[in-house]
Amino acid sequence: MNLEVVNAVGSGDLGIEIDLNRLATDVKEVEFDPDKYPGAYVRLEGVEPLITVYRTGKYIITGSKSDEEAYSCRKQFLKLLTDEGVLGEPEDEWFSMQNYVCTGELDQVQNLNALAIGLGLEYTEYEPEQFPGLVFRPDDTPVVILIFSSGKVVVTGAKDIDMAEEAFQSLKEDLDALV
DNA sequence: GGGAGAAAAACCTTGCCCGTATTCTTAG
DNA sequence: CTAAGAATACGGGCAAGGTTTTTCTCCC
């Protein structure tokens, strides 16, 4: 309910080892600096999400606004590898979404100090000196919700959108019960 | 002083955690 | 930058545990 996905992360496996140095020299869309990070970055033309590939063949796609966008990006990535002769049969590898980051808004402005107590100090972290948002970790879900005094919220850690929606809905019910 | 055994110290391997990098939003 | 999440991997550092080596005690 009224949550907007702002970032989706997915991961997959090509099933074969990749020579990142060769890939970086052969393909202009690939950036690789092993001294800074072991993964190689692939920025496809006209594609928003970023693909990070590793020597092992595992890869992650970050920055998608939806799972459709992530899957589309993956498709183009596989095509690129196939065209480059790196991949033979791209059918047998998997890909799945790992995390959704969403933004939402609560009806009224929040008093975070009171909210921390209301939601339970054992489930919340609020240190305005360090970070302006209240971190809420419900015990019945792996989802984490950041609540700001403006009423804006960030829901993260969900494996799927329903999980995020449920956690947000649950938070709203908790808030109604507190009034 | 030398041999046996135990205790201590030195050494080395393993494992785990952290930082490194990426995305994206929120807001002091 | 601070904080959160998730996947991914690699080097470094520290701790712990295990093994080897050195030292020391006891007694003949």
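In what follows, every chain begins at residue 1, and chains take the letters A, B, ... in the order their sequences are listed. Computed from a prediction, not measured in an experiment: that's the story for all the values here.
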Inset, instruction - Tell me whether the centres of the aromatic rings in A:F32 and A:Y41 are closer together than 6.0 Å. - result: no
What nucleotide among [options] has an atom nearest to a side-chain atom of [X]?
| X | options | value |
| --- | --- | --- |
| A:V154 | B:dC24, C:dA7, B:dT26 | B:dT26 |
| A:K159 | C:dA6, C:dT8, B:dC24 | C:dA6 |
| A:F148 | B:dT26, C:dT8, B:dT23 | B:dT26 |
| A:I60 | C:dA4, B:dC24, C:dA7 | C:dA7 |
| A:R43 | C:dT8, B:dT23, C:dA6 | B:dT23 |
| A:P132 | B:dA21, C:dT2, C:dA7 | C:dT2 |
| A:N99 | B:dT26, C:dA6, C:dA7 | C:dA6 |
| A:L50 | B:dT22, B:dT20, C:dA7 | B:dT22 |
| A:V135 | C:dA4, B:dC24, B:dA21 | C:dA4 |

Inset, instruction - For the pair A:K152 and A:E105, evaluate side-chain contact (heavy atoms from CB on, under 4.5 Å) and give the outcome as yes or no after the intermediate values. - result: CA-CA 4 Å; A:K152 294 269 188 66; A:E105 198 162 355; 3.8 Å; yes
Legend entry - Geometric class of the A:Y59/A:F95 ring pair [parallel <30°, tilted 30-60°, perpendicular >60°]: parallel
Legend entry - Exercise: do A:E84 and A:T82 side chains pair donor with acceptor under 3.5 Å: no
Inset, instruction - Establish, from distance only, whether the side-chain atoms of A:S149 and A:Q110 form a donor-acceptor pair under 3.5 Å. - result: no
Legend entry - Strand-adjacent residues in residues 124-131 of chain A, judged by heavy atoms under 4.0 Å from DNA chain C: A:E125, A:Q130, A:F131
Below the 4.0 Å mark, does [N] have OP1 or OP2 next to a side-chain nitrogen or oxygen of [X]?
| X | N | value |
| --- | --- | --- |
| A:S149 | B:dG28 | yes |
| A:S150 | B:dA27 | yes |
| A:R137 | C:dG5 | yes |
| A:T56 | C:dA9 | yes |

Separation of [X] atom [atom1] from [N] atom [atom2], in whole Å?
| X | N | atom1 | atom2 | value |
| --- | --- | --- | --- | --- |
| A:N7 | B:dT26 | CG | P | 13 Å |
| A:M163 | C:dA6 | CE | P | 10 Å |
| A:Y41 | C:dA9 | OH | P | 13 Å |

Under 4.0 Å, counting only non-hydrogen atoms across every strand here, what does [X] touch: a base, just sugar-phosphate, or nothing?
| X | result |
| --- | --- |
| A:Y59 | nothing |
| A:V6 | sugar-phosphate |
| A:V144 | sugar-phosphate |
| A:S11 | sugar-phosphate |
| A:T103 | sugar-phosphate |

Legend entry - Pair A:E45 + A:K28: basic N to acidic O under 4.0 Å: yes
Inset, instruction - In plain terms, say whether A:K172 and A:D176 are close enough for a salt bridge, that is, a side-chain N and a carboxylate O under 4.0 Å apart. - result: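 No salt bridge links A:K172 with A:D176.
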Inset, instruction - Drop me the distance from A:I117's CD1 to A:N113's CG, to the nearest 0.5 angstrom. - result: 7.0 Å
